[in-house]
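Written out below as C-alpha cells is the structure these notes cover.
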Amino acid sequence: MFYLMQELDFCYGHRLLNYEGKCRNLHGHNGRLEILLGGEHLDSRGMLIDFGDIKRLLKTWIDEALDHKMLLSIDDPLLPVLQNHGQPVFVMPANPTAENIARLIFEQGRNMGLPMQEVRLWETPRSSSSYRGD
C-alpha cells in the first residue's frame with residue numbers, strides 16, 4: 001500500500017452547542033489539516049496522486065466553502081442572525097466539533113474521487129482530531 005500526506009491550512013470560526021466550556025461562544029481557529037491518501041497502485045508517472053491535484057480539488061473547495069467562514073450547526077439559533085447580516089457561514093448538519101469537521105473534509109475528498117484514508121484537523125498546535133474511512 002502506498003500513502004502520501006499533505007498539510008493544508010485554513011481559518012475558521014465556530015461555536016459548540018450543548019457545551020458548557022468556553023467553546024460555546026463564537027471563536028476562531030487557525031486550522032491545520034493533515035490529509036492522508038492511500039492506494040495499492042501508482043499511475044504511469046509512479047505517483048499515487050499528484051500533490052497539485054489535491055490542492056486543485058480539495059484545497060480549492062476548502063478555500064471556497066470553509067476558509068474564513070463561521071461553521072455552525074443547522075440547529076444553531078445564531079445561524080439566521082448571521083445569515084441575515086450577510087456574514088459568511090457554512091452550515092453543518094451536526095455540531096461543528098473538530099471531529100465533525102474532519103469527517104466533513106474526509107467525505108468531501110472521497111466524493112471528489114481522492115483515495116482518502118484519514119483527515120486530521122489540528123485546532124491548536126497541541127489539540128487535534130481525526131477521521132478515518134471504513
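Source: prediction; values computed, not measured.
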Identify the two heavy atoms, one from [X] and one from [Y], that lie closest to each other, and give their separation to 0.1 Å.
X	Y	result
Arg120	Ser128	NH1-OG, 3.0 Å
Arg24	Tyr19	CB-O, 3.3 Å
Ser129	Ala98	CB-CB, 3.7 Å
Arg15	Asn25	CB-O, 3.4 Å
Pro77	Leu17	CD-CD2, 4.3 Å
Leu48	His41	CD1-O, 3.7 Å

Any chance you could measure [X], atom [atom1], to [Y], atom [atom2], to the nearest 0.5 Å?
X	Y	atom1	atom2	answer
Leu114	Asp53	CG	CG	8.0 Å
Leu4	Gln117	CG	CD	10.0 Å
Met47	Leu42	CE	CG	10.0 Å
His68	Cys11	NE2	SG	4.0 Å

What I want to find out is whether [X] reaches [Y] closely enough, with some N-O distance under 4.0 Å, to be called a salt bridge.
X	Y	answer
Arg103	Glu99	no
Arg45	Asp50	yes
Glu34	Arg32	no

Keeping the roles fixed (side chain from [X], backbone from [Y]), state whether a donor-acceptor pair exists under 3.5 Å.
X	Y	value
Asn95	Leu16	no
Lys69	Glu64	yes
Asp67	Phe10	no
His14	Pro96	yes
Asn84	Pro80	yes

Which of these passes side-chain contact (heavy atoms from CB on, under 4.5 Å) with Met116: Glu107, Arg110, Gln108?
Arg110

Within the supplied structure, the quantity of interest is the number of heavy atoms (other residues, nucleotides, ligands) at a distance under 6.0 Å from Arg132 CZ; does it exceed 12?
no

More than 12 foreign heavy atoms under 6.0 Å from CD of Glu20: is that the case here?
no

How would you list, by chain and number, every residue that makes a side-chain contact (heavy atoms from CB on, under 4.5 Å) with Gln6, sequence neighbours excluded?
Leu8, Phe51, Ile54, Lys55

Is any side-chain heavy atom of [X] less than 4.5 Å from a side-chain heavy atom of [Y]?
X	Y	result
His27	Lys22	no
Met70	Leu82	yes
Ile62	Leu33	yes
Asp76	Val91	no
Ile105	Ile35	yes
Ser130	Glu118	yes
Asp9	Asn30	no
Leu72	Leu26	yes

Pairs flagged by ring-ring contact (aromatic ring centres under 6.0 Å, His included) wherever residues 88-114 is involved - sequence neighbours left out:
Phe106-Tyr131

Is Ile101 reachable from Leu57 through a run of I, L, V, M, F, W or Y residues, each pair having side-chain heavy atoms under 4.5 Å apart?
yes

If two hydrophobic side chains count as joined below 4.5 Å and joins carry through other members, does Val89 share a cluster with Ile74?
yes

Between Glu123 and Tyr12, do the side chains contain a donor N or O and an acceptor N or O under 3.5 Å apart?
yes

Dump the intermediate steps for side-chain contact (heavy atoms from CB on, under 4.5 Å) on Met112 and Trp61, then the final yes or no.
CA-CA 10 Å; Met112 293 174 162; Trp61 179 82; 3.4 Å; yes

